[in-house]
Amino acid sequence: MNISSLTIATFSALWILLLIIFPSDLERITLINLENILEKPSQDYALGTDDLGRDIFARLISGVKLSLFVAFVVVSFTSVFGTMFGIFAAWCGGGIDLLFVKIIDMFLAFPGILLAIALTGILGGGVQNIMIALCAVGWVGFARLARAQTLRVKSLDHLMAAKALGTSMPKVISKHVLPLLAGPLIVEVTFSFAAVILSEAGLSFLGLGIVEPMPSLGGMIRDGALYLLIAPHYIIVTGLALMSLVITLNLLGDGLRDHLDSKSV
Amino acid sequence: METKIIFLARLFLTTILVLLSVVTAVFFLIHLVPGDPVLTILGENAGLKEIDKLRQELGLHLPIYEQWFNYVANVISFEFGESFYYHLPVAPIIFERFLSTLLLASTSFLVAIAVGIPLGIVAALRYRQSWDGFATLLALLGVSVPNFVLGPLLILCFSVQFQLLPIGSNEGLMSLMLPSLTLGLSFAAILTRMSRASVLDVLNEAFITTARAKGISEFRVVFHHMLRNAFLPILTTLGLQIGVLLGGAVITEAIFSWPGLGSLLVDSIDRRDYQMLQACVLVVSFTYVGINALTDALYHFLDPRISRTL
């Protein structure tokens, strides 16, 4: 067992355990206690309290749960939609492919998180709008990957044979194309999961994402940054939590990519 | 020479097409704004006559394709309208902010190149040794620690603990340091991974073995044979990855209240200043598309194999 799989195992086990053991206790998350704001970690509060005297640990746990939920919904949608979009473009070829590529290019012309920022800025914050914005941006990666991979495998002999035998297009795609694409797509899902968690945190950090009093990692990091001088533990623990989540997912992606060797498909 | 002209013409046309689709996307994005824009400007209690007058002025009574046409025409002539918040034309404000962002992005880019490329090369040359492990670990941290965590931590370290660098944005060159480090280090991580992979790709090529067999010094093998070939793939991905830098600038500027386009964009969202918001989005995207077109052109001029086969 090498270092990276050890890290993945430790972090994932830790997070899964934490998320299972500690339920989202709505009262503990939202209970404002102005008498002990920004307290250091103690017996009552494992990670101290925030600027409104709320339990940082409890908020962290439910913030992570919310993050994972958003990421799960977004990646489920983007992976399915993007993959179908990409396969369809490559399979049809010609004018349709050209049009679809232009649509993809249009989305790629907005650098990084910019389009998601503009979308949430216009639609307003909240869990639902943040998911819409991240879905609108996230599918492009899958579409590009699926299109490129389909173009590669499109002219393989057994696919031509299936087509020549009169197999219907949906069947060829589901039985013959998708299994060939599975490796790189799984790797992309892992990286995309990490990317969505980071984007959601980024949007919430800017105050465009999940709104108070609902806890979110990005929002907590923003508050932590405000009280950097008085209560440095606030931003350190929230930052470390986000980091460990993303590192685990990125390591998992790297490991899967090496294992499946998606380059050779 | 002729092939180069054809290539440039084609690149120019596709770039124009992408820019046009960006403008169209932003045009429809603005139509997603909930509520009637005229009522937003005038307030709920405006009279019917006033509403009609402003609607005519803004051209909102026209059919959607005419509105689109006018919009594109305005963008081409840099007419971004007037900001609802500043009550001033948008274009000059944007331009000033743009220069600020450009300054931050360039210094961050330099940080990223100075850190990322050497680290990636060393990692590849010492493949699977401790230096490689160290560089890979740093790169993993760099892509996993978002700039809104790194920024405050750097402030905590350099400004609070050791009091070496200022936090604010009005202390000249020194105040550029922390934002550039924040933005540059995450980009450096991407560059490290890219250059490591590119150098590894050429490491086992036959021409490297040949060069070594001829007895050339190791320095010459690395710099003349290896890096010249590894450089081109780095360049292509560099253009695309600039998007990470430009997108990251928005958040970095917000952390350090750096007076650039990014913080203006976020502020405009808070102020519901959609005129300003769309101009910011357009300018940042145009810059990105422009940089990509430039890298494309550069790549084709630097790689003799491509210009010969085109």
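Note that this is a predicted model, so its numbers are computed, not measured. The sequence lines fix the lettering, A, B, ..., with proteins before strands; numbering per chain opens at 1.
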**OP:** Mind ranking A:L115, A:L251, A:I247 by heavy-atom pairs under 4.5 Å with chain B and telling me who comes out on top?
**Re:** A:I247
Original post:
Does A:L123 offer a backbone N or O that forms a donor-acceptor pair with the side chain of A:N129 under 3.5 Å?
Top reply: yes
Subject >> B:V160 versus chain A, the contacting section by heavy-atom distance below 4.5 Å >> reply: side chain
Original post:
Around atom CZ of B:R126, are there more than 12 heavy atoms of other residues, nucleotides or ligands at under 6.0 Å?
Top reply: no
Original post:
Relative to each other, are the rings of B:F134 and B:W131 parallel, tilted or perpendicular (30° and 60° limits)?
Top reply: perpendicular
**OP:** Please confirm whether A:F85 and A:W139 have ring centers closer than 6.0 angstrom.
**Re:** yes
**OP:** Check whether A:I221 gets within reach of chain B through its side chain, its backbone, both or neither, counting any heavy atom under 4.5 Å.
**Re:** side chain
**OP:** Provide the closest heavy-atom pair for A:G138 versus A:F142 in the form atom of the first, atom of the second, distance.
**Re:** O-CD1, 3.9 Å
Subject >> Engaged part of B:V266 at the chain A interface, taking heavy atoms whose separation is under 4.5 Å >> reply: side chain
**OP:** With a 4.5 Å heavy-atom cut-off (strictly below), which parts of residues 222-237 of chain A touch chain B? List them by number.
**Re:** A:A225, A:L228, A:L229, A:P232, A:I235, A:I236
**OP:** Report yes or no: does A:K65 contribute a side-chain atom to a donor-acceptor pair with the main-chain N or O of A:L19 at less than 3.5 Å?
**Re:** yes
**OP:** Determine the option with the most heavy-atom pairs under 4.5 angstrom with chain A, choosing from B:D270, B:V244, B:I251, B:I255.
**Re:** B:I251
**OP:** Under 4.5 Å heavy-atom distance to chain A, tell me which part of B:L277 shows up: side chain, backbone, both or neither.
**Re:** side chain
Subject >> Which portion of B:L265 sits near chain A, non-hydrogen atoms under 4.5 angstrom >> reply: side chain
Original post:
If you take all heavy atoms of A:A136 and A:F107, which pair is closest and at what distance?
Top reply: O-CE2, 3.3 Å
Original post:
Below 4.0 angstrom, N of the basic side chain to O of the carboxylate: do A:R54 and A:D50 qualify?
Top reply: yes
Original post:
Where do A:T190 and A:L249 come nearest, in terms of heavy atoms and distance?
Top reply: CG2-O, 3.3 Å
Subject >> Exceeds 12 heavy-atom contacts within 6.0 angstrom, atom CD of A:Q128 >> reply: no
**OP:** Decide, yes or no, whether a salt bridge links A:D97 with A:K102 under the criterion of side-chain N to carboxylate O below 4.0 Å.
**Re:** no
Original post:
Do you know which of B:A249, B:G243, B:G247, B:C280 has the most heavy-atom pairs with chain A at a distance under 4.5 angstrom?
Top reply: B:G243
Subject >> B:L11 to B:A293 - nearest heavy-atom pair and separation >> reply: CD2-O, 3.4 Å
Subject >> chain A contact via B:I242 - side chain, backbone, both or neither, heavy atoms under 4.5 Å >> reply: neither
**OP:** Flag the one option from B:L140, B:V250, B:V18, B:L246 with the top tally of heavy-atom pairs under 4.5 Å to chain A.
**Re:** B:L140
**OP:** Kindly say whether B:I291 contributes a backbone atom to a donor-acceptor pair with the side chain of B:T295 at under 3.5 angstrom?
**Re:** yes
**OP:** Check each atom of B:F286 against the heavy atoms of chain A and say whether the ones under 4.5 Å are side chain, backbone, both or neither.
**Re:** neither
Original post:
When heavy-atom pairs shorter than 4.5 Å are enumerated against chain B, which of A:I103, A:T238, A:L114 gives the highest number?
Top reply: A:L114
Original post:
Looking just at side-chain N and O atoms, do A:W15 and A:T248 make a donor-acceptor pair shorter than 3.5 Å?
Top reply: no
**OP:** Among B:L19, B:T24, B:V145, single out the residue with the greatest number of heavy-atom pairs under 4.5 Å to chain A.
**Re:** B:V145
Subject >> Chi angles and distances behind the side chain to side chain donor-acceptor pair (under 3.5 Å) call for A:N250, B:S144 >> reply: CA-CA 7 Å; A:N250 278 335; B:S144 305; 3.1 Å; yes
Original post:
Is the gap between the ring centers of B:F162 and B:F158 under 6.0 Å?
Top reply: no
Subject >> Heavy-atom contact with chain A under 4.5 Å, split by part of B:L32 >> reply: both
Original post:
Any idea which of A:L242, A:L240, A:V246 has the most non-hydrogen atom pairs under 4.5 angstrom with chain B?
Top reply: A:V246
Original post:
What part of A:A109 lies closer than 4.5 angstrom to a heavy atom of chain B: side chain, backbone, both or neither?
Top reply: both
Subject >> Those residues of residues 196-208 of chain A, ordered by number, that approach chain B below 4.5 Å (heavy atom to heavy atom) >> reply: A:L198, A:A201, A:G202, A:F205, A:L206, A:L208
Original post:
Any sub-3.5 Å donor-acceptor pair from B:S263's side-chain atoms to B:W258's backbone N or O?
Top reply: yes
